[in-house]
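Everything below concerns the one structure shown next.
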Amino acid sequence: MTEYKPQELDRKWQQRWTAERAFEVVVDDARPKFYCLEMFAYPSGHAHVGHVRNYIIGDICARMKRMRGYNVLHPFGWDAFGLPAENAAIKTGTHPEVSTFGNINHMKGQLQRLGISYAWEREIATCTPEYYKFNQWIFLKMYERGLAYRKRSTINWCPVDNTVLANEQVVDGACWRCGTTVVQRDLEQWSFRITAYAEELLKGLETLTEWPEKVVVMQRNWIGRSDGARLTFPVAGADLGIEIFTTRIDTIYGATFVLLAPEHAMVERFAAESADPDAFRARVQQFRALDREARLTGAIEKEGFDTGRRAINPFTGEEVPIWVANFVLADYGTGAIMAVPAHDQRDFEFARKYNLPIRIVVRAEGDTRSAEELVEAAAGAGRLVDSGEYTGSDTPAVITRMIADAERRGIGRGEVNYRLKDWGISRQRYWGTPIPMIYCEKDGIVPVPYDQLPVELPKVAQFTGRGDSPLAQVPEFVNCTCPTCGGPARRETDTMDTFVDSSWYFLRFCDPTNTELPFDPAAGKYWMPVDFYSGGVEHAILHLLYSRFFTRVLRDVGLLDFDEPFKRLLTQGMVLKDGAVMSKSKGNVVDPDTMLEKYGADALRLYVMFVAPPEKEVEWSDAGLEGSFRFLLRVWRLVDHWAETVAGDGIPACGPDCTDAERAVRRKTHETIRRATVDIEERMNLNTAISSLMELVNELYAFSATTPHGGPSRETPVGAVERVQTLSVMREALDALVIMISPFAPHTAEELWQMLGHAEGLTRAPWPTFDADVAKADEVVVPVQVNGKVRARITVPADLAEEALRERVLADASLQPHIAGKTIRKVVVAKGPLVSVVVS
RNA sequence: GCCGGGGUGGCGAAACUGGCAGACGCAUCGGACUUAAAAUCCGAAGGCCCGGAAGGGCCGUGCGGGUUCGAUCCCCGCCCCCGGCACCA
């Protein structure tokens, strides 16, 4: 018997694949393409089995599709910019570039040792000028289209380190490094106008039929469309109007006050016009400060104060007080609302707290409570009361009518609002893509001309973690000439959010070396969209939404001719150890290399796919890995036992003269082909695909034991001679088994494939085809239920007619005790087949 | 609070969405091989009860109802767990 040495096989076949460039691909219009992609990796240094699970899932898919005849693009790359490398530089002084490429190098080795079939010649790293040049290119296209613009927004600022902090650098409201309480600061920053595509991004979700429902719902909620109306409440005694947004115009007769966000523009005006402006402003400031602190710790108490001004309800003509309230959001809707305490829980709490009037104007059927009796707002639909001409109308319908009336009277209009906000992309960091903009005293904001891209990161920079943007401290970078007037100018010193990098990298893989464009549109047209995309749920919203946004922008720029980048999405579950997510800080990581040394890549791959379906979380188990290794050994012994006899020439294809046992083996073989193919290709239930292969192996062991060769655990007796049909059947079974196991255990399978006498490698061997005739059984066991309980099983010819089956069932001896002397009410023959008898 | 997804043997799971619940594996136990052990091969195994045994009976997919010849699957009402959003007017 040949010994199974997985580590040697790993090396041998990995070298072979590399030498043969087995996974490289070019555009080929003659073959159907398949783009299989796993979310690229942040090069943190070491991949643990949790990360690696995702790459294995993608690899099973890629390898299988190759054998199914597809031209498979399966690339990999690195999401290489980011804060951790810069933080490390601040701590250790190592330049981010050095640590990043060191990490990439190590992780690439890990993936190669796992035998993941990547087209490595297409590898990209987002931190290279060749890549980020096109971040800048896309930015400029956005700028031209008005999709990139400057706006004031709030950032976290550490007053001691004098630096901007990312949200994850703020721990319990304090700076991660020095512990100082973080303050908010307003900065001019670049934003992408993703809201311009809000409706399209929402609509597009309906076409994503191969995405997990969960992710679609999360995106839908994130975009948060809400249909309502914008109405103007004139300010009493002033030539002013407060615009409010409401989804419940039907409750307007119950609007007993108006609320402004503390940041609302009119607040400052009211302050200035008030008797004591300073006191007024102090109160507003107090809210803003309280608000911020409370947000950091959790729930905030609703608070507000009366501005002393009054607004006129445009429907009732009634004057109502205008208050400032801390819970009104400045950046949603208009930053002002009409408060209807009877029918909105927040307004209700506010009104009770400050003794503001509560007026019921919508009643659910049978509800006769007075406003004083309410213990919470009645937020549901109902019939309007005390609502002038609208009294007696019902909630959903009356909204349309009231909006139309408002429009006619020029006091408002229907409006759609989105929760989705524009995407602030400026980061005051070094390790990212420089934003290609120039500030000139004379010409203002000037984009860097395309022929001057990329704006490269200066190699030298101080990583102190203090002060403004690190790039602002590099004069050679900052000082430049204005492209328009040639005079002295300053560069933008902020870099881009790394989500920009990952919003189009899948397009770059189509044409990774293009120096003129992000990618050749023809290559994009051939390879895109990504047919199968897998990665963690943590990217369910941002990364996937931004990618969908970029795809549409690039479509409008003329580079693409479709809307959605990812056809099928799989969100893989995490791997837990001791019930917790693996992380370096918890010290519970399982290092794939350790497992490789012990069992080889294939056992690890197989185990991780076998424990549970890919979407599910799994708990790591050494014993489980051991079990998968045992299964591979079992396969190895089986093939090794038969290889020599079965590999020879002159063995005919399986013919009609098989014994029952041989036919049973063929049946199992084809049934396994059917199940494994569907499980891998359609259902992505990789665990059940493996279990069906295990069943086949078990059956082949049992069959072997009945042949002159004997079972695989024994030496083949000298002079054992098999029926030629046995050899045909075994050859068919073993070939199919080895091919089908190869996506999971490619190294072992290649070796076995060679042992079975195949000269060509396995990576593009044709996937076996299912033959329904072979798989069909001649006899079937039919369970028979009496009043819902299985009372007998009868064996009948598979093609027995339904009528004959009924007769056989009712005549069956083992059933008699259950039906004798009773009246047969019904006999149901169900598919399966299964017979259900109803007696009484 | 709202929105998703789940609760199946000792454990991971399966049942291809209304048709034999627990495939496949892990752990366990028994047998074979071995001087012995490991490895390997073969076998047992949801719970309770009857039987010496072969075998048989009842219960069983979080809980309570319903629809159906038949429910892990569909419907109604609860309980628990895991994710996401969280004053979005």
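Values in this document were obtained by computation on a predicted structure and should not be read as measured data.
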Point to revise | Protein-nucleotide distance (A:D679, atom CG; B:rA14, atom P), rounded to Å | key: 10 Å
Review point. Atom CE of A:M338 and atom P of B:rA89: how far apart are they, to the nearest Å?
Key: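 Atom-to-atom, A:M338 to B:rA89, this comes out as 12 Å.
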Check your understanding: In Å and rounded to the nearest 0.5 Å, what is the CD1 to CD1 distance from A:I337 to A:I244?
Key -> 8.5 Å
Exercise for review: Enter the distance from A:L696:CG to A:S691:OG here, rounded to the nearest 0.5 Å.
Suggested key: 11.5 Å
May I ask which nucleotide in the shown strands pairs with [N], Watson-Crick or G-U wobble, both distances under 3.5 Å?
N	value
B:rG1	B:rC85
B:rA45	none
B:rG70	none
B:rU61	none

Check your understanding: Side chain of A:D640, backbone of A:T2: donor and acceptor closer than 3.5 Å?
Key -> yes
Output yes when at least one side-chain N/O atom of [X] is less than 4.0 Å from OP1 or OP2 of [N], else no.
X	N	answer
A:R634	B:rC41	yes
A:R675	B:rA15	no
A:R637	B:rC41	yes
A:S226	B:rA89	yes
A:R220	B:rC85	no
A:R714	B:rC42	no
A:N221	B:rC2	no

Say you pick atom [atom1] in [N] and the same atom in [M]; how far apart are they, in whole Å?
N	M	atom1	answer
B:rA71	B:rG4	C1'	24 Å
B:rG47	B:rU61	C1'	14 Å
B:rG19	B:rU72	P	10 Å
B:rG25	B:rA15	C1'	16 Å
B:rC63	B:rG70	C1'	22 Å
B:rA14	B:rG62	P	15 Å
B:rG10	B:rC29	C1'	13 Å
B:rC73	B:rU8	C1'	12 Å

Revision key, fill the gap. Residues passing the side-chain contact (heavy atoms from CB on, under 4.5 Å) test with A:E615, sequence neighbours excluded, are A:L570, A:P613
Exercise for review: Mind listing the residues from residues 688-701 of chain A sitting with a heavy atom below 4.0 Å of RNA chain B? Number order is fine.
Suggested key: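 Close to the strand are A:T688, A:S691, A:M694, A:E695, A:N698, A:Y701.
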Does the separation of the ring centres of [X] and [Y] fall below 6.0 angstrom?
X	Y	result
A:W423	A:Y546	yes
A:W323	A:F257	no
A:F327	A:F350	yes
A:W222	A:Y418	no

Nearest to the side chain of [X], which nucleotide is it out of [options]?
X	options	answer
A:R683	B:rC41, B:rC16, B:rA89	B:rC16
A:P613	B:rA15, B:rA13, B:rC24	B:rA13
A:L329	B:rA89, B:rA15, B:rA13	B:rA89

**Study point:** B:rG83 glycosidic torsion: syn (within 90° of 0) vs anti
**Key:**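 Nucleotide B:rG83 adopts anti.
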Check your understanding: Which glycosidic conformation, syn or anti, is assigned to B:rU40 if syn requires a torsion within 90° of zero?
Key ->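 Chi for B:rU40 falls in the anti range.
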Exercise for review: Name the residue closer to the 5' end of RNA chain B, choosing between A:F610 and A:D344 according to the nucleotide with the nearest heavy atom.
Suggested key: A:F610
**Study point:** Residue met sooner reading RNA chain B from 5', once A:D227 and A:W222 are mapped to nucleotides
**Key:**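 Between the two, 5'-proximity favours A:W222.
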Point to revise | Within 6.0 angstrom of A:E682 CD, more than 12 heavy atoms from elsewhere | key: yes
Give one of base, sugar-phosphate or nothing for [X], where a contact means two heavy atoms less than 4.0 Å apart.
X	result
A:G224	nothing
A:D331	nothing
A:A623	sugar-phosphate
A:V611	sugar-phosphate

**Study point:** Distance under 6.0 Å and angle within 45° of ring axis: A:R419 vs A:Y332
**Key:**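 Negative - A:R419 is either too far from the ring of A:Y332 or too far off its axis.
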Point to revise | Any A:W642 side-chain heavy atom under 4.5 Å of A:T707 side chain | key: yes
Practice item. Look at the rings of A:F770 and A:H670 and say which category their plane angle falls in: under 30° parallel, 30 to 60° tilted, over 60° perpendicular. Key: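 A:F770 vs A:H670 ring planes: tilted.
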Exercise for review: Heavy atoms under 4.0 Å is the rule here; annotate nucleotides 54-70 of chain B 5' to 3' with B where the base is hit, S where only the sugar-phosphate is, and - elsewhere.
Suggested key: ---SSS---------B-
